[in-house]
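Have a look at the structure below before the remarks.
In what follows, every heavy atom counts, from backbone to side chain, and hydrogens, waters and symmetry copies are set aside. Predicted model, so just to flag it, every value in this text is computed and none were measured.
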Amino acid sequence: MSTQQHIAILGSGNMGLALAKGLVKAGIYQPQQITLTRRSMAPLAEHEANGYQVTTDNAKAVSNATIVVLAVLPQQLNKLLAEIKPAVKPTNQLLISVISGVNCVDIREQLAMDVQVVRAMPNTAIAIGESMTCIASDTGTEENIKLVRSLFDTVGVTIQINEDLMTAATALCACGVAFFLRAIRAASQGGTEIGFHAHDALQMAAQTAKGAADLLLKLASHPEKEIDKVTSPKGCTIAGLNEMEHNGFSSAMIKGIKLSAEKAGELYK
């Protein structure tokens, strides 16, 4: 990455800070090439000490940046865009939005300029470099999309999708972290009920879930194929699975994802 490039992350909460750390860890940027903004400077004091540029002035951060990451809440976006509009340089800046429910065209219309916008939807596993990040754009160049993927590849895995699926990606990947965590919690509670101490049951459930996911990712396998390997006629696994299905396990997960997708689409509106 050229030493001339500078990235500004506007709204440096958990997502923005995790991305900044990932970029530095991967050697793509040095801390001094990254500006972090937040309404309060106190949470950024540690990062300033580590060499990052920090400020409460979003427009100033944008004026010095080649890449601008928009990482605020949907309801804060319009105010932010009005604040940075005078500093945006549409011909030589790239805007990356990680904001749920906001289309690329929404940002261009609010700024009233034809700036390159690429959307990215990471999840909270970005904090440990294991995010599933979906990338999309309507008019973004192939070069800029490739650039954004390379940035988020430093904190997990990326996939490029059509922009009209980004709200669905929010439900499946971003909200999905909570769904799988709740399933792990339920499994650990079941483990406690059948005799394990709570901390042991949680470790066992979490590692089992991790192993199940890796079976699919590392073997490029299908869930039912792996399920068949652990179910036998009149066995205990199929008995437990069928009891869960009788009580709506799969249906509840599907309905929850669908409802989250509907809600995600309404956040900015």
Side-chain angles (χ1 to χ4, degrees), residues 1-38 43-44 46-55 58 61-62 64-72 92-100 102 104 107 115-137 140-161 163 165-166 169-170 172-178 180-181 210 213-214 216-218 220:
M1 189 69 69
S2 168
T3 55
Q4 298 300 313
Q5 288 198 327
H6 197 95
I7 183 168
I9 301 177
L10 312 184
S12 299
N14 292 333
M15 288 288 184
L17 290 175
L19 175 60
K21 291 176 183 177
L23 295 174
V24 171
K25 184 177 180 181
I28 295 180
Y29 283 89
Q30 296 299 313
Q32 60 268 24
Q33 291 176 268
I34 302 176
T35 297
L36 307 173
T37 79
R38 197 159 175 161
L44 298 180
E46 175 187 348
H47 305 287
E48 183 177 22
N50 289 331
Y52 294 91
Q53 306 295 314
V54 301
T55 181
N58 290 306
V62 170
N64 296 321
T66 310
I67 299 172
V68 177
V69 179
L70 307 174
V72 297
N92 57 8
Q93 280 183 325
L94 168 65
L95 270 56
I96 301 172
S97 170
V98 298
I99 306 172
S100 299
V102 180
C104 296
I107 294 172
V115 63
Q116 283 275 293
V117 182
V118 177
R119 294 176 64 184
M121 181 47 60
N123 60 34
T124 54
I126 191 174
I128 57 169
E130 292 291 345
S131 176
M132 178 66 253
T133 303
C134 295
I135 307 292
S137 184
T141 65
E142 184 177 344
E143 180 183 5
N144 279 334
I145 293 172
K146 184 178 179 180
L147 171 60
V148 175
R149 291 195 66 171
S150 71
L151 297 181
F152 283 91
D153 278 338
T154 68
V155 286
V157 176
T158 63
I159 183 173
Q160 184 179 345
I161 63 175
E163 192 186 7
L165 288 172
M166 283 297 279
T170 302
L172 184 58
C173 301
C175 303
V177 169
F180 289 111
L181 288 172
K210 182 176 183 293
D214 282 345
L216 305 183
L217 295 172
K218 294 182 179 181

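Residues forming a salt bridge (Lys or Arg N to Asp or Glu O under 4.0 Å) with Lys146 (at least two apart in sequence, or on another chain): none. Here Arg38 pairs with nothing under the side-chain hydrogen bond (donor to acceptor under 3.5 Å, both in side chains) rule; sequence neighbours left out. Under the side-chain contact (heavy atoms from CB on, under 4.5 Å) criterion, Ser100 pairs with Met121, Thr170, Leu267, not counting sequence neighbours. Qualifying side-chain hydrogen bond (donor to acceptor under 3.5 Å, both in side chains) partners for Ser97, counting only residues two or more places apart in sequence or in other chains: none. Qualifying side-chain contact (heavy atoms from CB on, under 4.5 Å) partners for Gln30, counting only residues two or more places apart in sequence or in other chains: Gln32, Gln33.
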Step-by-step side-chain contact (heavy atoms from CB on, under 4.5 Å) determination, Ile145 to Gln160: CA-CA 8 Å; Ile145 293 172; Gln160 184 179 345; 3.6 Å; yes

The test is side-chain contact (heavy atoms from CB on, under 4.5 Å); show your working for Leu151 and Ile28 and say whether it passes. CA-CA 8 Å; Leu151 297 181; Ile28 295 180; 4.3 Å; yes

Derivation of the side-chain contact (heavy atoms from CB on, under 4.5 Å) call for Gln5 and Tyr29: CA-CA 9 Å; Gln5 288 198 327; Tyr29 283 89; 3.7 Å; yes

Run Leu95 and Ile107 through side-chain contact (heavy atoms from CB on, under 4.5 Å) and show every step you take. CA-CA 9 Å; Leu95 270 56; Ile107 294 172; 4.0 Å; yes

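Here the shortest heavy-atom pairing between Ile99 and Leu70 reads CG1-O, 3.5 Å. Of all non-hydrogen atoms in Ala20 and Tyr52, the two that sit nearest each other are O-OH, 3.7 Å. Scanning all heavy atoms of the two residues, the minimum distance from Ser137 to Val117 falls at OG-O, 2.7 Å. Of all non-hydrogen atoms in Met166 and Ile161, the two that sit nearest each other are SD-CD1, 3.5 Å. Taking all atoms of both residues into account, the shortest heavy-atom contact from Ala61 to Thr35 is CB-CG2, 3.7 Å.
For Ser12 (side chain) and Leu17 (main-chain N/O), no donor-acceptor pair under 3.5 Å exists by modelled atom type. Thr37 contributes a side-chain N or O that, together with a main-chain N or O of Gly11, makes up a donor-acceptor pair within less than 3.5 Å. Proximity of a side-chain donor or acceptor of Gln53 to a complementary backbone N or O of Leu36 within less than 3.5 Å is not detected. Remark: the backbone N or O of Ala65 is paired with a side-chain donor or acceptor of Gln93 at under 3.5 angstrom.
At a threshold of 4.5 Å between non-hydrogen side-chain atoms, the residues Ile96 and Val68 do not count as touching. Using a 4.5 Å cut-off on side-chain heavy atoms (C-beta onward), Val69 and Leu19 make contact.
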List, one per line, each side-chain donor-acceptor pair under 3.5 Å for residues 126-135, sequence neighbours excluded.
from	atom 1	to	atom 2	distance (Å)
Ser131	OG	Asn123	N	3.1
Ser131	OG	Thr133	OG1	2.9

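Residue Gln116 forms a side chain to side chain contact (heavy atoms under 4.5 Å, CB included) with just one option from Asn92, Leu94, Ile67, and that option is Leu94.
Crowding of Asn14 atom CG: a count of heavy atoms from other residues, nucleotides or ligands under 6.0 Å not exceeding 12.
With rounding to the nearest 0.5 angstrom, the CG atom of Asn64 is 6.5 Å from the NE2 atom of His6.
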